[in-house]
Amino acid sequence: MDTSATEQSPKVTLLADYQQPAYLVDEALLQFDLDSAKTRVVSTLTMRKNPQGPEADCILDGEALTLVSLKLDGKKLEGSQFQRTTSQLLIPNLPDKFELEIITEIEPDQNTALEGLYYSGSILCTQCEAEGFRRITYYPDRPDVMSVFTVTIVADREKWPVMLSNGNMEDQGVFDDGRHWVRWHDPHPKPSYLFALVAGDLHVQQDSFTTQSGREVALRIYVDPENKHKCDHALTSLKQAMKWDEDTYGREYDLDVFMIVAVNDFNMGAMENKGLNIFNAACVLATPETATDDDFYTIQSIVAHEYFHNWSGNRVTCRDWFQLSLKEGFTVMRDQSFSADLNSAAVQRIDDVNGLRSMQFAEDAGPMAHPVRPDSYIEISNFYTVTIYEKGAEVVRMINTLVGDEEFRKGTDLYFDRHDGQAVTTDDFVKAIEDANAVDLSQFKRWYEQAGTPELTIDTNYDPIEHRFTLTVSQACPATPGQTTKQPFHIPLAVGLLDKSGTSLDMQLEGEAEPHHGDTRILSVTEASQTFEFINVSSEPLASVLRGFSAPVKLNYDLSNHQLAFLMVNDKDSFNRWDAGQKLIINILLELVADIQQNNQLVLSSLLVNQFERILTDKKLDPALVAKMLTLPTENYLAAQMTTPDVDAIHQAREFLKRNIAVSLKGLFNQTYEKLSIRKAYDFNADDMAMRSLKNVCLSYLVASGDPMQLQRCLRQMKQADNMTELLAGLRLMVDQSGLERENALRSFYEQWKQDRQVVDKWLAVQAASTLPDTLIRVKGLMKHEAFSIKNPNNVRALIGMFCRNNPVNFHAKDGSGYRFLVEQILVLDKLNPQVAARMLGALNSWRRYDEQRQQLMKQALESIAEQQDLSADVYEIVTKYLAAE
Ligand code: PHE
Ligand code: ZN
């Protein structure tokens, strides 16, 4: 390892070192005097010694703060009575009970990291999770210190007419000097990471919700006045979420008001601050003209996600940041089942699994692999990962599958009841489910402790004389950093048996008196290798396994292309129908890749075309599912299926397949496209969305057919579209076609939408994803465009993130230009916003899997970052872990 990097080695935090806090805060009174250059914070803390805590000095966290004064029980403390470092304030010899008054000053206009108090445009806002509160004032900034907050904000009335914080508004007034004040009180004790403050000239969109017990809650969305027409969808989604959480989990809202604020500059999607959620504008604002169906869908689920945190996260919170998945995994699982209930459950499951497989499996197979409950970190911001969120959600979902729906609800009731107002652990969560149902999940808990994606191997055998079907399941999990050997997992395996005609067969296990009724049953796999004997199986079955993706595992199950084709049209489980299709496509594509590498003539078997035709003409299938089934896996996902990814051959094979399917089924695509082109006003509902998605898939095949007439059709769709879904689908297809039409389409799109940030980000992203060879040059040009600012995370993600993450042929260009570009951007970003910089590094996660030449280039790229002085802890942690020996 590079020595300059070792010198700065930031400190590692270990789960094993956890200790209770030495002091607790019962009450926190905060007063803010807002000013762009120097905001003054007066914090008055009522504190006491923690009877369960260790004998230790009182330590408060604080970063980038100017300390103005410190008083203990009203008496000023001199410099000799406390110690200060760059990150802590230590006060020795404190009584058992005391009051501290801390006055600090902060500089919001200098804050580009978007943690603590910062500016987004003219709005002042905060972001405190995970450790941002320490950039506002000295405080025990850890989630197991929960306190009742009362917040007074004083500010210029013209500049900041609206001033918000958590809880209920208690009082307000005006001074004669042009300033005004407001006081907010949140009766629910909370950790500092849930604190929020917002001030600005904001428009408010109001609504209300009556809870199941009959209380009326005011709902308010605050936005820049220019966005006031974009709030309806979020408000509808919020009411849907509030109702769903009452119906499904018995959880009611607990304050008089629930507020959402939209800001343009935000590191993540949104934040669940108590009663005052702060959202990335892109994750809350929508109109049919400016947002796609996917945006509408995502907004609905993020609004719900943040709302659901009110119970899973806020009322019951995390003891320490190793427990992050306690709130995130559970809340993602809740928002996924909300979305499944409100839309198409099959499509929801396909999207969730697609995301998990393409992102989380890659993380689990790479140098940053970590358990759902990690045991060490350098920078906690780096652990807001797909493993904590998406795999964490799968883990909770498996618990639900194993115990059953009613039992799971009994368990969550006990969890919320038992731990209301507490900061707890993932063990506490599991214990509540166990206690409510008298089940044993001790082996299951390995899912929280062991990293890596388990691989299941399935072997089957049919004895036609005994009518016995044997299913053998073996499991293994690859080594991950710091974990060389793994214990067997407890895996719920959903299976069904199909006969030759596609009819479900009864499933009776050896020793059972009666067969199981229903298409699917759950097998509980606990051993490294385990055999299930099905008796009275009248004819040779085909087993459909891991239905609904019942566990986050990889499957080695050797089915022939014909068997996959059979399942693709016959499986009773929609998810497995889709999955069988994807596996068939992957088999075909990987064969094409091999042919390309060996310079063989490329030919396409008719099997896939035949199945596509059957699916396209199946009147009973949901068009949304048809669209999913006709969508080829991404180049990134294909790369993950190869020992050594060959980005160029993958791209070529995928283009070949798409073009040939398009040519073979052109008539059918044409017909389907026309049939779905009925002109009616946009509405966000599952049926219309399904039609638009299938229509756009058809258009993408038509364009892929190479027929120049189809480009005109694409342009016509763009011209006629009254919604962003159809407009953007057209533009996406145009950007891969070089020529004047492309340039015109891009130019007129920008002219039409340059006032709208959400749309401009799409315009940037579409160009960054173009497979044309000059894309990097264009991306560099766009960085100088008026539409781009490197300080805005959404711009960065749209342009740089899109190019590096979702444009494999160009990012992995053989000359290393893509890698060098990434390094340049990371070094600039690290000085401005370390969290965003560290995220961009994710593009190099799989560097060791590539060919020798690319590996060398990526290694050099990583080393040139590691070499820098003064790297942030965020980038330092990732770059050193990527470079560490395998
Ligand atoms: N807790 C937020 C969520 O998932 C995510 C977040 C983390 C936002 C850190 C900002 C900072 O709901
Ligand atoms: Zn969350």
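Atoms within each ligand, like the ligands themselves, are counted from 1 in listed order. Quantities reported herein were computed from a predicted structural model and do not represent experimental measurements.
Contact check on Arg319 versus Asp428 returns no salt bridge, with no Lys/Arg side-chain nitrogen under 4.0 Å from an Asp/Glu carboxylate oxygen. Here Arg357 does not pair with Glu363 in a salt bridge; the nearest charged N to carboxylate O distance is not below 4.0 Å. In this structure, Asp254 pairs ionically with Lys274, as a charged nitrogen and a carboxylate oxygen lie closer than 4.0 Å. Here Glu131 pairs with Arg134 in a salt bridge; the nearest charged N to carboxylate O distance falls below 4.0 Å.
Only the side chain of Lys327 comes within 4.0 Å of ligand 1, judged by heavy-atom distances. Contacts between Ala270 and ligand 1 below 4.0 angstrom, taking non-hydrogen atoms only, involve the backbone exclusively.
Sorting the N, O or S atoms of His305 by how far they are from the Zn ion (ligand 2) puts NE2 first. In terms of distance to the Zn ion (ligand 2), the nearest N, O or S atom of Glu328 is named OE1.
At a threshold of 4.5 Å between non-hydrogen side-chain atoms, the residues Gln348 and Tyr297 count as touching.
Among the atoms of Glu306, none of the N, O or S atoms falls under 2.8 Å from the Zn ion (ligand 2).
Residues passing the side chain to side chain donor-acceptor pair (under 3.5 Å) test with Glu115: none are found, sequence neighbours excluded.
Looking at Glu131, Met268, Glu272, it is Glu272 that brings a heavy atom closest to atom 2 (C) of ligand 1.
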- Step by step, work out the ring pair (Phe, Tyr, Trp, His ring centres under 6.0 Å) result for Phe258 and Tyr253. CA-CA 9 Å; Phe258 185 86; Tyr253 188 61; 5.3 Å; yes

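Close approach of ligand 1 to His305 (heavy-atom distance below 4.0 Å) involves ligand atoms 3 (C), 4 (O), 12 (O). Interface of Glu306 with ligand 1, defined as ligand atoms under 4.0 Å from a residue heavy atom, comprises 3 (C), 12 (O).
Atom 4 (O) of ligand 1 has Tyr389 OH, 2.6 Å as its closest protein atom, hydrogens excluded (heavy atom only). The nearest protein atom to atom 1 (N) of ligand 1, hydrogens excluded, is given as Glu129 OE1, 2.6 Å; this is a heavy-atom distance. At the shortest separation from atom 11 (C) of ligand 1 among protein heavy atoms lies Gln127 NE2, 3.2 Å.
Aromatic rings from Phe322 and Tyr377 are positioned such that their centres are separated by under 6.0 Å.
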